[in-house]
Amino acid sequence: MLAPLLLGAVLGYDAPDGRVSIRLSELEAYRGLGEDPGSHAFRGRTPRNAVMFGEPGHLYAYFSYGMHVCLNIVARPEGSSSGVLMRGATVVDGLDLARRRRPGVNDRDLARGPGRLAKALGVPLDAGGSDLLARPFTLQVLQAPLHAASGPRTGVGGAGGGLQYPWRFWLPGDEGVSPYRRHKLAAE
DNA sequence: TATCAGATGATCT
DNA sequence: GATCATCTGATAC
């Protein structure tokens, strides 16, 4: 599984108005095609999720709940359509720019949460499909894996949630980790 | 400090 | 027309 290895990695993005880098502290893994009911790719390939069926290391960006952009890293090759959602991070470079993009927000909250993370980085929706290993992106993965905690994914309703899929990974104690948020439960 | 419910629009059935 | 991998502000404690 790739997600735990990406914890602590530093992702940078050169936007027209400047550069911001973040250190990933919270991730969620998603699989596809019948493996993972919580995944966008569960029901097969659609125009939106086509990127996930492509090359690993590319960016899958999508628009959610009418107001947020969420960012994923395509994880596995061969059309297996898995991805890693970046849920939380801390800003390590371009702090002033990130603050300007998110006025009135505490430093520790700048990239804590999927939608906030995308806004702080300044990645537009149409950056989806880009190669994260080439300009304008930079991605530095740590050599030695850090100690990762894992648990049920947040915000995944229905059959994809709960302990059956403990594919949320975070750095214990890191301030960039969002508090576990009880989602409105449909039923238990 | 912790929890809840509403907003809001693209995507899929 | 229903769903949704969320955020924010308001409320309760």
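Residue numbering restarts at 1 for every chain, and letters A, B, ... go by the order of the sequence lines. Basis for what follows: all heavy atoms, side chains included, without hydrogens, waters or symmetry-related copies.
Side-chain atoms of A/Y65 lie closest to C/dC4 of the nucleotides C/dA5, C/dC7, C/dC4. Comparing C/dA5, C/dT6, C/dT8 by their nearest atom to the side chain of A/R116 picks out C/dT8. Of the candidates C/dA5, B/dT11, C/dC7, B/dT11 carries the atom nearest the A/R48 side chain, counting heavy atoms from C-beta on. Among the nucleotides C/dA5, C/dT6, B/dA7, the one closest to the side chain of A/M67 is B/dA7.
In this structure, CZ of A/R108 is placed 10 Å from P of B/dT1, rounded to the nearest angstrom. The CZ-C1' distance, from A/R153 to C/dC4, rounds to 14 Å in whole Å. Rounded to an integer number of Å, the gap from CZ of A/F63 to C1' of C/dA5 is 15 Å. Rounded to a whole Å, the NE2 atom of A/H68 is 8 Å from the C1' atom of C/dT8. At whole-Å resolution of the value, CG in A/L27 and C1' in C/dA5 are 13 Å apart. Taking atom CG on A/L110 and atom C1' on C/dT8, their separation rounds to 16 Å, with Å as the unit. Counting to the nearest Å, the P atom of C/dC4 and the OH atom of A/Y30 are 12 Å from each other. Protein atom NE2 of A/H40 is 15 Å distant from nucleotide atom P of B/dA10, rounded to whole Å.
Residues A/D107 and A/R99 are paired through a salt bridge, judged by an N-O separation under 4.0 Å between the basic side chain and the carboxylate.
With hydrogens and angles ignored, a donor-acceptor pair under 3.5 angstrom links the side chain of A/Y62 to the base of C/dA5.
The partner of B/dA5 is C/dT8, by the rule that a Watson-Crick or G-U pair needs both atom distances under 3.5 Å.
Phosphate contact (OP1/OP2 of B/dC12, side-chain N/O of A/T46, threshold under 4.0 Å): present. For C/dT6, one of the phosphate oxygens OP1 or OP2 lies less than 4.0 angstrom from a side-chain nitrogen or oxygen of A/R87. For A/R45 and B/dT11, the shortest distance from a side-chain N or O to OP1 or OP2 is not below 4.0 Å.
Grouping the Ile, Leu, Val, Met, Phe, Trp and Tyr side chains by contacts below 4.5 angstrom, directly or via other members, places A/I22 apart from A/V10.
The minimum heavy-atom distance linking A/V141 with A/L5 is given by the pair CG1-O, 3.5 Å.
In this structure, A/Y60 and A/H40 have perpendicular ring planes: the angle between them is above 60°, well past the 30° mark.
A side-chain donor-acceptor contact under 3.5 Å links A/T138 and A/R19.
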